[in-house]
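First up is the structure itself, then whatever we jot down about it.
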Amino acid sequence: KNVLGRFEDSQSSISSQAVDFACTVSTGLQQEPIPGHFYVHGWDLARHSTWCVGITLDITKEPFQLVQFDRFKDHSGEAREYWQMVIAKIKLRQSLWGGITAIDRTGVGDVVMSFLEDTNAIGYSLQESLRAQIISEGVSSINLGKIGIPSLTQFHEEGSWFAQDELRDFDQDNPDNWDFICALFISIWLARGNRPGSTNVANPTVARAAGVSKYA
């Protein structure tokens with residue numbers, strides 16, 4: 001049922017109707033930030049077995065909007081070059097869009113974090129308790145109609161991938177199948193004012209207009 005954008009849920013699964021609603025209220029991807037808007041960025045890092053995903057949420061007002069998206073993995077076999085590319089992507093997103101960056105530092109994330117000190121990125125180690133809280137916040141936000149998510153599709157040698165299918169098939173007991181969701185949920189958690197060891201993050205910087213040296 002949809003009552004004022006609110007959908008019934010089990011607190012652990014994402015309603016198919018809520019996924020459709022998120023597409024309906026989406027404003028789509030953006031090529032550049034809007035001056036004066038606030039953004040947060042979430043990254044789930046991987047190399048071979050799963051996908052590296054980075055997303056950006058515009059959190060200026062609800063529903064929050066997913067406005068930037070990356071999903072890729074290493075096909076070259078050159079670990080050094082791959083991680084240099086990942087770090088460059090994270091830094092560029094932060095530089096162009098402003099705001100706050102959060103990273104799943106579980107596993108390889110710790111290594112990448114050491115190269116991101118100048119971005120003030122926040123690292124999350126997704127242990128059981130924190131993981132459950134982040135999942136609960138993410139599922140609730142989508143089921144309550146508070147997130148706009150455009151229709152995202154990728155076609156590659158491993159087959160087709162659809163963001164909406166990952167959302168509908170979400171299984172919190174099978175984390176290997178939710179790279180996109182992990183990045184999305186970390187972003188939502190950050191957007192709600194949370195960070196490791198605290199209840200609120202500092203206010204994110206606003207986006208800058210092209211060619212303007214000071215924040216708008």
Measure the spacing between [atom1] of [X] and [atom2] of [Y] and express it to the nearest 0.5 Å.
| X | Y | atom1 | atom2 | value |
| --- | --- | --- | --- | --- |
| I122 | L116 | CD1 | CG | 12.5 Å |
| S15 | D20 | OG | CG | 8.0 Å |
| L29 | I55 | CG | CD1 | 10.5 Å |

For [X], give me all partners under side-chain contact (heavy atoms from CB on, under 4.5 Å), at least two apart in sequence or on another chain.
| X | result |
| --- | --- |
| F162 | T153, F155, S160, D165 |
| A22 | I149 |
| N120 | none |
| T27 | Q65 |

Are [X] and [Y] side-chain neighbours, meaning at least one heavy-atom pair lies under 4.5 Å?
| X | Y | result |
| --- | --- | --- |
| S151 | Q164 | yes |
| M113 | I103 | yes |
| L57 | V67 | no |

Any salt bridge (charged side-chain N to carboxylate O under 4.0 Å, His left out) involving residues 91-103? Give me the pairs, sequence neighbours left out, ordered by first then second residue.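 Counting only pairs at least two positions apart or across chains, the salt bridge (charged side-chain N to carboxylate O under 4.0 Å, His left out) contacts touching residues 91-103 are D70-R93, K91-D118.
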Got a sec, which pairs hit salt bridge (charged side-chain N to carboxylate O under 4.0 Å, His left out) with one end in residues 49-64, sequence neighbours left out?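 Listed once each, the pairs are E62-R192.
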Hydrogens and angles aside, do T101 and H41 bring a side-chain donor and acceptor to less than 3.5 Å of each other?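 Not at all, the side chains of T101 and H41 share no donor-acceptor pair under 3.5 Å.
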Are T119 and Q94 linked by a side-chain donor-acceptor pair shorter than 3.5 Å?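 There is no such pair between these side chains.
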Just list the side-chain donor-acceptor pairs under 3.5 Å for residues 82-89, sequence neighbours left out, or say none.
{"residue": "Y82", "atom": "OH", "partner": "A46", "partner atom": "O", "Å": "2.6"}

Using the test side-chain hydrogen bond (donor to acceptor under 3.5 Å, both in side chains), find all partners of [X] that sit at least two apart in sequence or belong to another chain.
| X | result |
| --- | --- |
| D44 | none |
| E81 | none |
| S16 | R168 |

Taking CZ in F115 as the centre, count heavy atoms belonging to other residues, nucleotides or ligands within less than 6.0 Å. Is the count above 12?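 Counting other residues, nucleotides and ligands, CZ of F115 stays at 12 neighbours or fewer.
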Under the salt bridge (Lys or Arg N to Asp or Glu O under 4.0 Å) test, residues paired with R71 that sit two or more places apart: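 By the salt bridge (Lys or Arg N to Asp or Glu O under 4.0 Å) rule, R71 matches no residue at all.
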Between W51, W43, W161, which is the residue that forms a ring-ring contact (aromatic ring centres under 6.0 Å, His included) with F69?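 For F69, the ring-ring contact (aromatic ring centres under 6.0 Å, His included) test succeeds with only one of W51, W43, W161, which is W161.
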